[in-house]
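Inspection log for the structure reproduced underneath, given as structure tokens.
Computed from heavy atoms alone, side chains included, the values below leave out hydrogens, waters and symmetry copies. What you see is a predicted model, and the numbers here were worked out from it, not measured in a lab. Here is the naming used below: chain letters follow the sequence lines, and residue numbers restart at 1 for every chain.
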There are 2 protein chains.
Amino acid sequence: MATVRDVAEAAKVSVSTVSLAFNQPSRVAEATRLRILAVAGELQYRPHGIARDLRIRHTNTIAVLLHNLSGPFYSELIRGVEDEADRSGLTTIVSRATPNRPGGTIRLLHEGRVDGAIVLDPLISADSLRQYAGPRLPIVVLDRTISVASDYVIPVVADHEGGGYQAGRFLITLGYQHYALITGPADSTDSQLRQKGFFRALREANLQWQQVPVISGLFTEDGGAEATARLLDTGYRPDAIFAANDEMAIGAMQTLARYGLAVPDEVALIGFDDIRLARYVSPPLTTIHQPMYDLGRAAMQRLSDTMQGKLGLPPVVLSTHLVIRGSTAASPTKAGEVPYAGS
Amino acid sequence: MATVRDVAEAAKVSVSTVSLAFNQPSRVAEATRLRILAVAGELQYRPHGIARDLRIRHTNTIAVLLHNLSGPFYSELIRGVEDEADRSGLTTIVSRATPNRPGGTIRLLHEGRVDGAIVLDPLISADSLRQYAGPRLPIVVLDRTISVASDYVIPVVADHEGGGYQAGRFLITLGYQHYALITGPADSTDSQLRQKGFFRALREANLQWQQVPVISGLFTEDGGAEATARLLDTGYRPDAIFAANDEMAIGAMQTLARYGLAVPDEVALIGFDDIRLARYVSPPLTTIHQPMYDLGRAAMQRLSDTMQGKLGLPPVVLSTHLVIRGSTAASPTKAGEVPYAGS
DNA sequence: CCGCAAGGTCGAAACGTTTCGATAGGAGTA
DNA sequence: TACTCCTATCGAAACGTTTCGACCTTGCGG
């Protein structure tokens with residue numbers, strides 16, 4: 001691999017002139033510049049990124065750390081990040097954030113290989129985030145809010161609470177009466193907020209939100225299926241279920257089918273996220289759409305701003321919206337039916 | 001950020017001793033080593049990865065370049081790569097391979113930021129691959145085969161031809177007679193091979209494979225829908241369609257529904273890839289499963305071997321298998337029906 | 001008591017850039 | 001002619017490591 005020194009010798013100039021020719025073209029005479037460029041082309045010279053990064057003390061690279069890479073859910077997010085990163089000339093690399101693998105997160109964040117990070121992984125603790133983060137490595141966090149904020153740990157979130165509220169309102173206007181909630185793991189802030197919003201809607205409508213059963217599952221399809229089974233095994237028969245994410249809603253759908261309960265005729269179902277699958281299950285899933293692309297863009301913007309020293313910007317909260325599909329009935333159950341079957 | 005020099009001073013030893021303490025512990029006296037470690041902990045010292053990489057002349061990082069990141073399809077692949085990379089102590093970073101973006105591929109591959117790459121992106125030309133690749137940057141290619149091979153451009157593929165054959169055999173044993181093919185873009189080797197295998201099955205069964213209509217689409221859901229419409233608009237009514245990937249098969253499913261053709265009763269449908277969605281559409285899609293996880297592992301293995309100087313290994317071809325779901329009938333259409341409707 | 005090997009430590013060079021300050025030459029001005 | 005001021009170029013230092021060869025102790029055997 002040709003180095004700047006090779007080019008310098010071949011072009012009969014000093015190393016610094018070659019570097020200048022590339023980085024500050026105006027400072028070297030036209031003739032010499034052309035000669036250098038020609039020689040460089042000849043030798044297939046490419047500046048060595050690592051050496052450059054060492055010298056200039058930053059990498060122009062930012063990392064996106066994800067819990068897993070499945071789903072267009074994340075794909076959209078990354079597209080947003082990239083589109084925005086391009087505008088600042090930053091390179092985006094994606095990595096699965098596996099806390100304890102030697103080759104993973106640590107190497108990227110802690111060895112100065114990136115100038116910033118966007119993290120979406122509940123498994124990385126707030127503590128380690130705070131420890132990693134600093135003026136030379138701001139971190140945008142996409143899945144939690146209050147607990148982590150500081151000058152260099154910046155939350156960007158969707159309005160989970162508002163989304164939960166939208167779900168609640170919608171079911172209420174449809175006239176459902178007997179609700180059930182399938183939430184995520186207890187430590188998921190997102191899940192808590194969605195639940196909170198949902199209950200707020202119920203409360204505002206003077207419904208007995210305290211008596212609505214809340215079952216928690218794993219945020220996965222199987223988790224949702226299992227949680228729903230636990231719910232139904234109590235004998236309770238809700239006429240509408242709000243699942244804290246689409247994966248669980250889809251799991252719920254399977255369990256409902258297994259129990260012979262028709263969706264949406266006997267039980268309405270609403271999810272959260274609007275993953276691609278939601279459109280394809282039958283019936284298609286009514287859900288709350290999260291603006292993943294916009295979240296990605298906003299995250300990258302905040303990161304970029306912070307990297308340029310703009311501190312103390314107001315937190316970003318993007319709104320969600322309701323997507324009505326077939327898993328909720330246009331004509332709701334009549335009010336007043338008996339919620340408990342004779343199980 | 002503390003440097004090795006800071007640690008050295010604080011521990012009253014030379015810089016080299018500190019480095020030794022970390023990298024060749026046996027070469028420094030136990031007492032000093034402990035002292036150094038203590039001081040390093042105190043100062044929160046982390047070696048600077050970039051400086052290290054520059055000195056040792058490699059990065060222990062490999063890049064996975066993907067056309068896009070959607071789908072558990074790629075997620076599985078990456079999991080395979082990572083599991084294998086861990087065993088060699090390599091860090092994996094993923095990037096969308098967007099040929100002409102300044103911050104993308106070029107920076108990663110051409111500026112010496114990675115020691116190897118795994119590429120799955122039909123848009124990167126064989127030429128640029130050959131140009132990038134070399135002893136210091138072997139590249140494993142996952143989506144093409146003959147055209148690119150060299151010592152440092154190594155193909156790892158699924159047996160697309162065999163998969164196409166499996167699809168063909170299966171439809172034949174079910175007794176279908178009037179086939180149609182929805183292929184991907186003309187320049188996709190994968191698609192060609194799948195078609196070739198499919199036709200081989202037909203030929204072996206003495207069926208008129210030359211007369212089977214072949215429509216090409218975009219490898220996307222919409223592409224499949226559109227291609228299917230073009231097919232049906234000719235008036236031809238196949239009783240079985242082989243789509244060269246699942247996305248297109250799902251698109252086809254939609255068009256078939258629009259034309260009032262029931263799947264699988266009036267038209268059987270088989271796809272390729274076994275993406276997650278395949279299980280959820282209705283009817284669930286019969287398809288050819290590609291072993292993405294294994295492909296990822298195999299790719300990483302080959303890469304690692306090549307990086308260690310093992311050249312000329314035999315090409316890797318992993319086999320596919322048939323996954324039977326609802327889009328093909330258990331009881332096939334009777335032979336001899338009229339394939340052309342009165343359109 | 002001397003010489004030598006082994007163990008422990010160190011200084012310096014190297015990796016390939018960028019950039020600061022200096023220098024040389026030439027043009028313009030007085 | 002002598003001075004200043006540009007412009008084009010250069011040399012050297014710096015970024016933070018790793019590693020090679022050298023050096024200095026010690027302890028031991030002869």
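Nucleotide dC10(D) holds its C1' atom 16 Å from the NZ atom of Lys12(A), rounded to whole Å. Between the CZ atom of Arg33(A) and the P atom of dC10(D) there is a distance of 16 Å, given to the nearest Å. The CG atom of Asn23(A) sits 7 Å away from the P atom of dT19(C) (whole-angstrom rounding). Atom pair Ile50(B):CD1 and dC15(C):C1' shows a separation of 13 Å (rounding to whole Å applied). In this structure, His58(B) places its NE2 atom 20 Å from P of dA14(C), rounding to the nearest Å. Between the CD1 atom of Ile56(A) and the P atom of dC15(C) there is a distance of 20 Å, rounded to whole Å. When the C1' atom of dA13(D) is taken as reference, atom CZ of Arg5(B) falls 12 Å away, rounded to whole Å. Distance, His48(A) NE2 to dG16(D) C1': 15 Å, rounded to whole Å.
Ion pair Arg87(B)/Glu84(B) flagged as a salt bridge, since at least one NZ, NE, NH1 or NH2 atom sits closer than 4.0 Å to an Asp/Glu carboxylate oxygen.
No side-chain N or O of Asp53(B) forms a donor-acceptor pair with one of Thr59(B) less than 3.5 Å apart. Under 3.5 Å, the side chains of Arg113(B) and Thr91(A) contain no donor-acceptor pair of N or O atoms.
The shortest side-chain heavy-atom distance between His48(A) and Met1(A) does not fall under the 4.5 Å cut-off.
At least one side-chain nitrogen or oxygen of Thr32(A) sits closer than 4.0 Å to the OP1 or OP2 atom of dT9(D). Put simply, Arg57(A) has no side-chain N or O that comes within less than 4.0 Å of OP1 or OP2 on dC15(D). A close approach under 4.0 Å does not occur between any side-chain nitrogen or oxygen of Arg52(A) and OP1 or OP2 of dG16(C). The phosphate of dC10(D) has OP1 or OP2 within less than 4.0 Å of a side-chain N or O from Thr17(A).
Within 4.0 Å of Val15(B), counting heavy atoms only, lies at least one base atom of the nucleic acid. Contacts of Leu54(B) with the nucleic acid, taken as non-hydrogen atoms under 4.0 Å apart, include base atoms. If you check every strand for non-hydrogen atoms under 4.0 Å, Ser19(A) touches a base. Heavy atoms of Phe22(A) sit nowhere under 4.0 angstrom from any nucleic acid atom.
The listed nucleotides are dG16(D), dT19(C), dT19(D); the one nearest the side chain of Ala51(B) is dG16(D). Distances were taken from every side-chain heavy atom of Ser14(B) (C-beta onward) to each of dG16(D), dC10(C), dT18(D); the shortest belongs to dC10(C). Listed nucleotides: dT18(D), dC15(D), dA12(D). Nearest to the side chain of Ser16(A): dA12(D). In this structure, of dG16(C), dT17(C), dT19(D), it is dT17(C) that holds the atom nearest to the side chain of Pro47(A). The side chain of Arg55(A) has dT17(C) as its nearest neighbour among dG8(C), dG21(D), dT17(C).
Ring planes of Tyr132(B) and His110(B): perpendicular class, angle over 60° (limits at 30 and 60°).
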Would you sort out whether Val13(B) and Arg35(B) count as a side-chain contact (heavy atoms from CB on, under 4.5 Å), showing the intermediate values?
-> CA-CA 10 Å; Val13(B) 291; Arg35(B) 180 157 38 96; 4.0 Å; yes
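For Ala29(B) and Met1(A), each mapped to the nucleotide of DNA chain C holding its nearest heavy atom, the one lying further toward the 5' end belongs to Ala29(B).
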